[in-house]
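Comments concern the structure below.
Order of listing sets the numbers, starting from 1, for every ligand and every atom in it. Computed from heavy atoms alone, side chains included, the values below leave out hydrogens, waters and symmetry copies. Throughout, residue positions are numbered sequentially from 1 according to the sequence presented. Because the structure is a prediction, the values reported are computed rather than measured.
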Amino acid sequence: PRMDSVTVAVRVRPFSQREKNSGSKCVISMHSRTTTTIQDPKNPEHRKTFTFDLAYWSHDGFQKDKDGVFISTDPSSKFASQKDVFHDLGRGILDSAWQGYNATLLAYGQTGSGKSYSMVGLGANKGIIPNVCEELFQAIEERERNQEYQVTFSMLEIYNEQIRDLLSRTKQPGGLKVREDQHLGFYVDGLKSVPCENYAQIERLMEQGTKIRTTASTNMNASSSRSHMVITIQFRQVFLDRDLTKQSTINLVDLAGSERQKSSGSEGDRLREGSQVNLSLTNLGNVISALADAATGKKVLHIPYRDSVLTKLLQPALGGNSRTTLIAAISPADICYEETLSTLRYAERAKKIRNRAVVNTSTLM
Ligand code: ADP
Ligand code: MG
């Protein structure tokens with residue numbers, strides 16, 4: 001098996017209206033396709049440069065076309081559109097899937113940094129997930145007919161260490177449980193996995209899931225920025241003439257906001273929520289740190305996958321059988337300096353992880 005490092009990309013968004021109104025300054029610059037530089041607003045001489053696989057400048061240099069899609073103003077603009085991001089990251093996921101590798105895409109960053117925009121998108125500016133699904137079915141339709149294809153779709157949310165099936169309308173008191181199978185590893189017991197035959201079906205499911213997610217968080221008087229959303233696509237190719245199947249699991253994860261939870265004014269619920277949401281995210285950081293240490297030759301006795309729901313589900317993606325990509329979403333604004341720096345440091349640690357992705361094949365009985 002080959003050793004793959006995690007592909008890490010950074011993306012900086014435009015100023016929000018609020019940031020513009022308050023006269024925010026941009027503390028981020030990108031001088032090449034791989035470098036991100038952050039400047040300390042209190043000490044402008046103090047700059048730190050990070051090198052990742054990709055650095056996406058989506059801060060300026062763009063305009064709206066007639067369909068409302070953001071495109072570059074001119075050929076010299078370094079602006080990265082949704083299509084550019086999909087072209088690099090989404091295509092990689094699709095290539096892996098066709099070859100029978102598992103693939104995982106994680107979006108990390110503080111609330112409002114652009115995680116959902118990159119993953120799901122907004123209006124005409126479709127994100128990576130819809131583009132991946134659309135192209136998957138397009139490619140299936142163009143293939144020859146001596147193969148069969150099976151695509152299933154599931155969508156869940158982890159909130160307070162509880163799992164909610166976003167494709168199910170029934171009440172789920174206490175949430176679904178993670179179980180462990182000797183061969184399958186960790187899985188969510190009772191999670192709906194819907195067979196899909198075309199992109200329109202997936203689009204509907206995503207809409208439905210997003211609606212349930214929003215309603216649920218409104219009912220609990222919470223914000224969906226505190227929950228993790230995991231979309232899983234199982235892609236199976238059956239080669240009828242060769243008695244062979246190839247199987248790929250694609251995990252697309254929109255993580256909860258990475259900002260430190262403020263403790264002021266917390267009631268019981270909020271407190272529990274704050275610490276629990278942090279449990280999955282904090283533990284993801286612990287797992288990443290442990291894996292990064294192990295990859296750099298330090299002696300690591302234990303990787304704490306079992307300590308949170310998210311890390312159980314992401315175990316194959318983290319140091320296991322998956323090609324994994326992390327997109328670190330950042331704000332350009334000076335007021336977000338501390339959070340942005342911490343996001344870049346997190347991404348730097350993730351860069352050190354080594355995975356062992358193998359093609360999942362089996363012969364038919
Ligand atoms: P998050 O999911 O990290 O909380 P969002 O994706 O919801 O953040 O982004 C916050 C706001 O910024 C949204 O209004 C979104 O449309 C906008 N935004 C984020 N990234 C971009 C981008 N690359 N181009 C244009 N608008 C963006
Ligand atoms: Mg979001």
Side-chain angles (χ1 to χ4, degrees), residues 9-22 24 26 28 30 36 54-65 67-73 77-90 105-131 155-159 166 206-207 209-218 222-231 252-262 277 280-281 284 310 326-333 335-336 339-340 342-344 346-347:
V10 183
R11 187 180 196 189
V12 60
R13 63 159 171 75
F15 281 133
S16 65
Q17 198 54 50
R18 215 177 72 203
E19 286 166 346
K20 269 187 212 161
N21 294 347
S22 64
S24 290
C26 178
I28 302 297
M30 290 173 172
T36 303
L54 290 153
Y56 290 116
W57 183 261
S58 300
H59 180 62
D60 60 13
F62 61 91
Q63 61 190 29
K64 252 185 197 176
D65 75 1
D67 300 317
V69 177
F70 293 125
I71 52 164
S72 1
T73 38
S77 158
K78 58 183 172 176
F79 172 72
S81 68
Q82 292 283 66
K83 281 284 174 212
D84 295 327
V85 175
F86 167 68
H87 190 83
D88 299 328
L89 306 183
L105 176 66
L106 305 161
Y108 183 90
Q110 74 179 112
T111 298
S113 60
K115 296 181 296 295
S116 303
Y117 185 88
S118 283
M119 296 295 273
V120 182
L122 199 68
N125 293 282
K126 283 190 191 165
I128 299 170
I129 299 175
N131 276 307
M155 187 170 176
L156 63 83
E157 167 180 70
I158 302 169
Y159 183 83
L166 291 176
M206 270 185 68
E207 238 167 67
T210 307
K211 212 173 280 171
I212 290 178
R213 187 183 186 199
T214 315
T215 319
S217 57
T218 312
S223 150
S224 58
S225 70
R226 288 158 185 261
S227 73
H228 311 283
M229 181 190 71
V230 182
I231 285 179
L252 305 159
V253 188
D254 191 352
L255 292 167
S258 60
E259 63 275 6
R260 275 149 292 178
Q261 308 284 330
K262 293 186 188 70
V277 167
S280 258
L281 206 60
L284 178 63
L310 182 68
L326 178 86
I327 177 159
I330 58 174
S331 157
I335 40 163
C336 295
E339 289 296 343
T340 300
S342 116
T343 295
L344 292 168
Y346 198 95

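Taking the six-membered ring for Trp and thresholds of 30 and 60 degrees, H59 and F15 have ring planes more than 60 degrees apart, a perpendicular arrangement.
Considering only heavy atoms from C-beta on, L284 comes within 4.5 Å of Y346 through its side chain. Residues V12 and V10 are not in side-chain contact: their nearest non-hydrogen atoms beyond the backbone lie 4.5 Å or more apart. For the pair M155/T210, a side-chain contact is recorded, criterion being any heavy-atom separation below 4.5 Å from C-beta on. When side chains are defined from C-beta on, S258 counts as touching Y108, because their heavy atoms get closer than 4.5 Å. Side-chain contact between I71 and Q63 is present, with heavy atoms from C-beta onward closer than 4.5 Å.
Here Y56 contributes atom OH and D88 contributes atom CG; the two are 3.0 Å apart, rounded to the nearest 0.5 Å.
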Output block, N or O contacts of ligand 1, threshold 3.5 Å exclusive:
unit_1   : atom_1 : unit_2 : atom_2 : d
ligand 1 : 2 (O)  : S116   : N      : 2.9
ligand 1 : 2 (O)  : S116   : OG     : 2.9
ligand 1 : 3 (O)  : S113   : N      : 3.3
ligand 1 : 3 (O)  : G114   : N      : 3.1
ligand 1 : 3 (O)  : K115   : N      : 2.9
ligand 1 : 3 (O)  : K115   : NZ     : 2.8
ligand 1 : 4 (O)  : G112   : N      : 2.7
ligand 1 : 6 (O)  : S116   : N      : 3.3
ligand 1 : 6 (O)  : Y117   : N      : 2.8
ligand 1 : 8 (O)  : G114   : N      : 3.1

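Judged by distance alone, the side chains of S113 and E339 never bring a donor and an acceptor atom under 3.5 Å apart.
Residue-and-atom listing of protein N/O/S atoms under 2.8 Å from the Mg ion (ligand 2), sorted by chain and number: S116 OG.
Of the possible donor and acceptor atoms, one in the side chain of N125 sits under 3.5 Å from a partner among the backbone N and O of G68.
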